[in-house]
Every structure is written in structure tokens, then in C-alpha cells.
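As a basis for the values below, the full set of heavy atoms in this structure was taken, side chains included, without hydrogen atoms, waters or symmetry mates.
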Amino acid sequence: MSNADRRTQFWALYLTRFAEGFGFITLITLLGTYINTLDPQATTVLGVTVSAGFIIGMYTTGFTLAQTVAVVPLAWAGDRFDKRTVLLGVLAVGAGVYALFPLVDSSASFILVRALQGLVVTGAGLMTLSLVGQIADVGTRADKIGKANAASFAASILGSLSAGAIYDAVGFDPIFTVIALLMVAAWVVTWLFLDDDDTRIEGFPFSDLAVNRRILTMTSFRAQYAFAVTMVRTWVPIYASTTMATGGLGVTGIAIGVTVTAEKATNMVGQLFTGRLSDAYGRSLFVFAGGGAYGAIAMAIPFSAAIGTALGADVTLPLLGDLPAAYLPLVAFSGLLGVADSFREPASMALFADEGTDDGGVASSFGIRELVWRPGSVAGPLIAGWLMVEVSMASVFYVGGAFAITGVASFLAILANDHGRAALTAW
């Protein structure tokens, strides 16, 4: 394969990552707005009382449960057959799913369509990252994966800002028309420019990869870190958007978008460089440093109000409107979360790509990475929804941050046991 052909294929995959990221972040940005609009209430199902906090948690957990179900069959299909064909199918389904969102009129219908979105996001993510890792040379994997992630974050920036602004102007429906058209565009570019995938993996590669030593070591960290990221990343815009009566800041749609954009922008810029550094200096140090910093920053978020009050940050800004004292510090913390995660993410993904390529089954390797994430991403929002309603908004960030800290502690302990003083530079 020529360098020019390889570049064209990378750009096709980057566009797909852009489309996937745009759809994903739009729903994250508008999650608090959906909570306000649909106003979840406690209800009784088959004699069991379901709390409002549980329903709020299901707004995210319905999405992640569907992702959990989809991981194994999609990853297996990607390794067994043509990843390009699987990707084209997922993008076609995605266009239809996003066209359904304007029909949502209740918590039940929102949770159902979010579950369908989970299938699309999982399939697009698995196939694009697997193909990037497969096409890239060994010494450039983290760099290429970092650039693919940067494309997704660029979409996140545009999506979060435009979603808030469009919603403030004309409501939900036009936003999803834009996303559906993006999915169609990604399908066309993938069909035109991405070569057929001729790798075929017989059997069930999950079974061999599941006992891979490096993957098991990463699992000790990733299983706990999933709680941290799912809770913190989801609840930053919820904190910004929900009413003050529920512990939020109650800011406008575009101001909500700015909080999300801060994290995505710093993560995007960081991954343009940190992936290359991970290729040069190893993976484990970047995973440890990024994960630990993420936890510490998350636990500082509840101090936003105190910091803002001390700095006199309750201001009125053009477009954003009247802002409470906690808002600008929250935006700053969100940006720092992005910096921290930009160190961890390409290093983690490149490690799974390395192991999958070496042992056979790069899609299955990324599938294991996704499966390890699922318990935290399913249970995390339920825990956070309960904490938000029954304890406080601040407790969501304390508990989420604690999961990251215990995750990096476990990771370091296993590395130290295996490699001694060279733990963080061993691989």
C-alpha cells in the first residue's frame, strides 16, 4: 500500500470518527436539557418503586447497556469478516437512529433511542479504531490513534457548541437532521475511499486475548477508571445545566456547550502530541499520570463555587448570559480533565492495538477494552443519579474521582510487582 493511499484511508476513518463524535457529544451536551424537558418522576413498575434518580441514571445507562450487548458480536464480526462492510452497516443504521430522536416524547422513548445510539457508537468506534491500528505501522500506532481521537474531539467541540446554540434558537429537531446527514456523508466517504479489509481471523480470539498479561494489567486500572470517567464526564454538563434547586447551575444551552468544549478542546490538542510521545517513551507512564491527574481534578470540581466566589467570577458575558460564580471555575476544571485524559487515552488504545495485532484479532482486542469499560459505564450513572438526588451534586465528583485514584493505585501495584523500580517505564 502506497503512503498516499494509506493517508487517504486514514482521512476517511478520521471523518467517520468525526461523525461518531458529533452524534455522541450532542446527546451528552443536551442530557441535562432532556432531564429538564422530560422531568423524570418516580414511578411504580410491577409493584416496585423506581426513583427519579434511577430514571435519570438510565438516560446514560440505557446507552451503555446496549453498548455492552453489542461489543462481542460486532468485534467478532470485524475480525471474522470485512471491517469495512461492518462499518458501512453501522453508519447506515446510525443515520436512521438519529432521525428518530425528534420523535422522543417521554423518558421511556428517550432511553430506547439512546440504546440504539449505543449500538451505533460502539460499532463505529470499534471498527474505525481497529482499522486505524491495523493500517498504521507499529511505531506510529499511538500517534495515528491520537489523531483519530483528535478528529472525534474536533466534532465534540463543534457539536457541543452548535447543539447548545441550535437548541436555544429552534429546539431539538434541526440538531438531529445535521447528525443524520453527517452519518450519510461518512458512509459515502468510507464506501469510496476505504479499501476492503482482507484480514480474516478464524475462531474466537477473545479467549486468547482475555489472558494476555498486559491486557490483564490494564484491566486492573480500566475497570475502575470507567466509573470515574462515565460519572464525571456525564455530570459536568448535568451540573452546569440542571436547575439550582437540584444542585446545578442552571446556565443556558450555549454555556453548557462551553463546559463540554473545554474538555474536548484540550483533549484534542493534547492527543496531537501525546500519542507520539507514548510511541517514543512507552505506554504505562502515560496511563498512570493521566489517570491519577483525572481523579484529582474531578475531586476538586465541587470547590468551583468557593473558588468562583473568592475570585468574583459571577459575571454576565455576551451569548452566555448571567453566570453564577461556580461556572468559570467549572469550565477551567473541565479543560484540565481534557489535558489529563489526553495523556492516558492514546497510550491505552495503542497498547490494545499492539496486543491485538500481535496475538490476532485487533477488533477483539478493542472489544475486550470496551467490555472492561462496561460495568463502570453501566453502574456509574446509576450511582451518580442516586448520589445527585439522595446525597448531593458534589458527592458525584468525589466518588467519581476516588475511582480514578484507586484505579491508578492498583495499576502501579501490579506493575511494581512485575517490574520493580522500572514499573512505569517497562512498557
From [atom1] ([X]) to [atom2] ([Y]), nearest 0.5 Å:
| X | Y | atom1 | atom2 | value |
| --- | --- | --- | --- | --- |
| S334 | R233 | OG | CZ | 9.5 Å |
| M299 | F403 | CE | CZ | 11.5 Å |
| L13 | T190 | CG | OG1 | 6.5 Å |
| L129 | R141 | CG | CZ | 13.0 Å |
| L116 | I111 | CG | CD1 | 12.5 Å |
| T242 | L31 | OG1 | CG | 10.5 Å |

Checking V232, V396, T234, I301 against Y239 for side-chain contact (heavy atoms from CB on, under 4.5 Å), the one that qualifies is I301
Main-chain N/O of [Y] paired to [X] side chain as donor or acceptor, under 3.5 Å:
| X | Y | result |
| --- | --- | --- |
| S342 | Q271 | no |
| T61 | V378 | yes |
| D279 | D143 | yes |
| E370 | A70 | no |
| T68 | T64 | yes |
| T122 | V71 | no |
| S348 | E345 | no |

Take the angle between the ring planes of [X] and [Y] and call it parallel below 30°, perpendicular above 60°, tilted in between.
| X | Y | result |
| --- | --- | --- |
| W187 | W191 | parallel |
| F343 | F286 | parallel |
| F303 | Y398 | perpendicular |

**OP:** Step by step, work out the side chain to side chain contact (heavy atoms under 4.5 Å, CB included) result for L351 and V287.
**Re:** CA-CA 10 Å; L351 184 141; V287 171; over 6 Å; no
Does a salt bridge link D341 with R344, judged by any charged N lying under 4.0 Å from a carboxylate O?
yes
Report yes if some heavy atom in the side chain of [X] is under 4.5 Å from a heavy atom in the side chain of [Y]; otherwise report no.
| X | Y | answer |
| --- | --- | --- |
| L336 | T266 | no |
| D195 | R84 | no |
| L91 | L87 | yes |
| E263 | F333 | no |
| M349 | N149 | yes |
| Y98 | L182 | no |
| V86 | L74 | yes |
| M58 | S107 | no |

Ring centroid separation for [X] and [Y], is it under 6.0 angstrom?
| X | Y | value |
| --- | --- | --- |
| Y59 | Y34 | no |
| F411 | F288 | no |
| F24 | F63 | yes |

Heavy atoms only: give me the nearest [X]-[Y] pair and the separation to one decimal.
| X | Y | result |
| --- | --- | --- |
| L371 | P375 | O-CD, 3.2 Å |
| A325 | A305 | CB-O, 4.4 Å |
| F18 | A155 | O-CB, 2.9 Å |
| T128 | G125 | OG1-O, 3.2 Å |
| L323 | A255 | CD2-CB, 4.4 Å |
| A136 | T140 | CB-OG1, 3.9 Å |

Cationic tip of K147 above F10 ring, under 6.0 Å, 45° of axis = no
### Q67 versus S377, side-chain donor and acceptor atoms under 3.5 Å
no
Decide yes or no on side chain to side chain contact (heavy atoms under 4.5 Å, CB included) for Q134 and K83, but give the supporting numbers first.
CA-CA 11 Å; Q134 185 172 292; K83 296 180 185 67; 3.0 Å; yes
Item to complete: Let me see the working for Y14 and K144 under side chain to side chain contact (heavy atoms under 4.5 Å, CB included), right down to the final yes or no.
Response: CA-CA 10 Å; Y14 296 164; K144 298 302 184 187; 3.9 Å; yes
*Test side chain to side chain contact (heavy atoms under 4.5 Å, CB included) on I179 and F101 and set out the steps.*
CA-CA 11 Å; I179 301 172; F101 272 101; over 6 Å; no
